[in-house]
Amino acid sequence: MSVLGMVLPALMPAVADGLKGLFQRFFRGEKPVTAAEQIELMRAETEKLRAIASLDRPSENISPWVSNLRASFRYIAAGLIITGTLLFTLIYFWMSHESPEGKALPAALGVLELFLELSASVFSFMFGDRVYLRLKAGGHR
């Protein structure tokens, strides 16, 4: 597993925020000057967030368990990936201990590397944004 494969997902929030700042600086134009302009901008941003939230809202007649499963699917998948990685790591070390040459199968090493890369992405998904926001805020939250 390459270090780059673990570092890149963790740095993506910082890179995305930096690019967003650059694009805003070059393409946004003038910022609101008066309080009325600022209030109007805040209303427009609130309406935009409402529209985005309405796109993600399930239909009215959906079963509660389906809605709950839909909302938690990312975390269920993340838990399965982490559990699978831990189990396959144990199996890999057991296989390498039990083999006559003391080595596991090369295919098993490839699968272990895949699981480790998936786990790095899950870690970035679960903690990357939070860590970056804490660093950006100067550690005070």
- Task: May I ask whether I76 and W65 are part of the same hydrophobic cluster, defined by side-chain heavy atoms of I, L, V, M, F, W, Y residues being less than 4.5 angstrom apart, directly or through others?
- Result: yes
- Give the cluster check for L87 versus I82: same hydrophobic cluster or not, with ILVMFWY residues linked at side-chain heavy-atom distances below 4.5 Å. no
- Task: First locate atom CG of L90, then atom OG1 of T85, and finally report the distance between them rounded to the nearest 0.5 Å.
- Result: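 Here the interatomic distance stands at 11.0 Å.
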- Item | Pairwise distance OG1(T34) to CD1(I39) - rounded to 0.5 angstrom |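 That separation rounds to 8.5 Å.
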- R70: partners by side chain to side chain donor-acceptor pair (under 3.5 Å), with sequence neighbours left out: D56
- Note on the structure: Across all chains, not counting sequence neighbours, the side chain to side chain donor-acceptor pair (under 3.5 Å) partners of R50 are E47
- Task: Please examine the side chains of F115 and T89, heavy atoms only from C-beta on, and report whether any two atoms are closer than 4.5 Å.
- Result: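 Side chain of T89 against side chain of F115, heavy atoms only: no contact under 4.5 Å found.
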- Query: Any side-chain heavy-atom pair from L112 and I91 closer than 4.5 angstrom?
  - Reply: no
- Item | For Y75, ring pair (Phe, Tyr, Trp, His ring centres under 6.0 Å) partners two or more places apart |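 Only F125 meet the ring pair (Phe, Tyr, Trp, His ring centres under 6.0 Å) criterion with Y75.
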- Identify, with sequence neighbours excluded, every residue that meets side chain to side chain contact (heavy atoms under 4.5 Å, CB included) alongside L118.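 Counting only residues at least two positions away or on another chain, L118 forms a side chain to side chain contact (heavy atoms under 4.5 Å, CB included) with I81, L114.
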- Message: Going by side chain to side chain contact (heavy atoms under 4.5 Å, CB included), name the residues that satisfy it together with I62, two or more places apart in sequence or in a different chain.
- Response: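 I62 satisfies side chain to side chain contact (heavy atoms under 4.5 Å, CB included) with P58, S59, V66, S67 once adjacent residues are dropped.
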- Message: Suppose the criterion is salt bridge (Lys or Arg N to Asp or Glu O under 4.0 Å): which pairs have a residue in residues 80-97, not counting sequence neighbours?
- Response: none
